Peer 1: 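I'd like to ask you about the structure that follows.
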2 protein chains.
Amino acid sequence: MPKKVDPHERRAQIARALHRVIAGRGLDEVSLRHVATEAGVSAGLVQHWFRTKDEMLRFALEVVAEQGQARLARRGAEIEHGTPREAVRALLVELLPLDEERRLEAHVALAFGARAAVSPEIARWVRDGMDQMRAFVADRLRAAGRVGDPEAAAVALTAMVDGLAAHVLAEQCTPEAAEAAFDDHLDTVLGL
Amino acid sequence: MPKKVDPHERRAQIARALHRVIAGRGLDEVSLRHVATEAGVSAGLVQHWFRTKDEMLRFALEVVAEQGQARLARRGAEIEHGTPREAVRALLVELLPLDEERRLEAHVALAFGARAAVSPEIARWVRDGMDQMRAFVADRLRAAGRVGDPEAAAVALTAMVDGLAAHVLAEQCTPEAAEAAFDDHLDTVLGL
DNA sequence: CGTGTGACGATGCAGCTGCATCGCCACACG
DNA sequence: CGTGTGGCGATGCAGCTGCATCGTCACACG
């Protein structure tokens, strides 16, 4: 066996370049050449590690998903001893694009979310994460004991965060306004 | 002058075909040929009425915007004598993809909304409608007199509707669940 | 009854796309 | 010290893209 290369690291490196392309030019501008250029490698290398473009997209989505979930888990551990209200707040705010890292993730999530509307396959890719998120939020809302229908409230809140993220990225409102609006709303829902 | 053709009608006809392409295949699958085929005309005709692809996209967006605003105005007139709560409810529910017409509009709105995240120009196209919507909602919320910060609440609620629409289109939740979640949430926010 | 002009179809073209196919080169193994 | 195999670059190709450029046909006007 010749050169040793960590396959996962190589693929992840390409995936990160893909994320940057999505955030900067959009999902439909993603091509083997653009990603390769962004990653500073040849187009052949990209093809070597991903047999098809779809495989590359899928892997890139998995990378952001894992990355995001890791961040959420970390954040969750931090406020483990907080109230349910603090838990749901921390979790959902963590999904808003309030710093560069979250901006990147939000861009990728928004791009795939939009494509999911016309691609049942991508919709399936996204569904699991969505369900987990809603279940977690519903659980915490139930624990807070202030809302009548935790499931419905979870659907509404996650949708709101997604919408706020989209509005921020499209510069329909500032990150600060989005965060403030969300906080204000959470006060209303959970009482003070 | 030869043949008489209503320019606006021809362009609107092409725009409607464009909407169908967006709803069925996505914004990035939009090409002169696809739109022409969907409209049942030649590619040359499309080029005849729109000098560039951008011009076509922009016009198509204006068409949905007008169409949607007309529907909102109609709906607004219907419940003119209702409570502010009914007004804001009717207005925002009207934006959820609960029938075929609104599904089409929501698909187009979602597609352009996502692209706005990477295209400042499209973001500008969208901004006006967004501002109007938020101002209207904030006004009605103020009239309802149950919320502390109507502006923040308007930002949150419009984002929520956008998010719910996206989730419905991506089949992350059913239209019924989305409507129920929104209603439930509105109860919480506006009290009972 | 020309005839010019607007509405449209057909064709061509450069550029990009995803992908298959080569060939080279370095290194771990026998 | 071969040598084969994994990592990688280069090239080619068919298909699609937006768009420019033609040709053609019908009709309202003088």
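Everything numeric here is computed off the predicted structure, so don't read it as measured data. When reading the values below, keep in mind they use all heavy atoms of this one structure, side chains included, and skip hydrogens, waters and symmetry mates. The sequence lines fix the lettering, A, B, ..., with proteins before strands; numbering per chain opens at 1.
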Peer 1: Could you state the CG-P distance from A/L45 to C/dC25, rounded to the nearest angstrom?
Peer 2: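 After rounding, the reported distance stands at 17 Å.
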Peer 1: Please give, in whole Å, the distance from C/dC8 C1' to B/D6 CG?
Peer 2: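 Checked: the CG to C1' distance equals 17 Å.
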Peer 1: Which is it for B/R11 and B/D6 under the salt bridge (charged side-chain N to carboxylate O under 4.0 Å, His left out) test, yes or no, and what are the steps along the way?
Peer 2: CA-CA 9 Å; B/R11 290 161 69 95; B/D6 179 358; over 6 Å; no
Peer 1: Among residues 48-59 of chain B, which residues get a heavy atom nearer than 4.0 Å to DNA chain C?
Peer 2: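 Within residues 48-59 of chain B, the residues near DNA chain C are B/H48, B/W49.
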Peer 1: I'd like to know if A/R142 and A/E151 make a salt bridge, using a cut-off of under 4.0 Å between side-chain N and carboxylate O.
Peer 2: yes
Peer 1: Using a 4.0 Å cut-off on heavy atoms, which residues in residues 111-118 of chain B reach DNA chain D? List them by number, or say none.
Peer 2: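 None, since no heavy atom is under 4.0 Å.
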Peer 1: Nearest heavy-atom pair of B/A138 and B/P150: which atoms, and what distance?
Peer 2: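 Smallest heavy-atom distance, with atoms named: O-CB, 3.6 Å.
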Peer 1: Please say whether more than 12 non-hydrogen atoms of neighbouring residues, nucleotides or ligands are located less than 6.0 Å from CD in B/E171.
Peer 2: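 No, the 6.0 Å shell around CD holds no more than 12 heavy atoms from other groups.
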Peer 1: For a quick check of understanding: with a heavy-atom distance under 4.0 Å over all strands, which category does B/V30 fall into, base, sugar-phosphate or nothing?
Peer 2: sugar-phosphate
Peer 1: Could you state the CD-C1' distance from A/Q13 to D/dC8, rounded to the nearest angstrom?
Peer 2: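 About 13 Å, once rounded to whole Å.
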Peer 1: Distances for protein N/O vs nucleotides 12-16 of chain D N/O pairs under 3.5 angstrom?
Peer 2:
none

Peer 1: For A/R146 and A/L190, work out which heavy atoms get closest and say how close.
Peer 2: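 Looking at all heavy atoms of both residues, the shortest contact is CG-O, 3.6 Å.
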Peer 1: Atom CZ of A/R10 to atom C1' of D/dG7: distance rounded to whole Å?
Peer 2: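 In whole Å, D/dG7 C1' and A/R10 CZ are 9 Å from each other.
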Peer 1: Between A/E78 and A/R74 (salt bridge meaning N to carboxylate O under 4.0 Å), is one present in this structure?
Peer 2: no
Peer 1: Just checking, is any N or O donor in the side chain of A/Q13 or A/R10 under 3.5 Å from an acceptor N or O on the other one?
Peer 2: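 Present: a donor and an acceptor within the cut-off.
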Peer 1: What I want to find out is whether B/E179 reaches B/R89 closely enough, with some N-O distance under 4.0 Å, to be called a salt bridge.
Peer 2: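 B/R89 and B/E179: salt-bridged.
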Peer 1: For residues B/L57 and B/W125, report the shortest heavy-atom separation together with the two atoms involved.
Peer 2: C-CZ3, 4.4 Å
Peer 1: I'd like to know if A/R115 and B/D28 make a salt bridge, using a cut-off of under 4.0 Å between side-chain N and carboxylate O.
Peer 2: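 Salt bridge flag = yes for B/D28 with A/R115.
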Peer 1: Determine, for B/E80 against B/R75, whether the closest basic-nitrogen to carboxylate-oxygen distance falls under 4.0 angstrom.
Peer 2: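 Salt bridge flag = no for B/R75 with B/E80.
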Peer 1: Provide, to the nearest angstrom, the distance between the CD atom belonging to B/Q47 and the P atom belonging to C/dG6.
Peer 2: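 Interatomic distance, CD of B/Q47 to P of C/dG6: 18 Å.
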Peer 1: Take atom CG of A/L32 and atom P of D/dG9, then tell me their distance rounded to the nearest Å.
Peer 2: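 It works out to 14 Å between those atoms.
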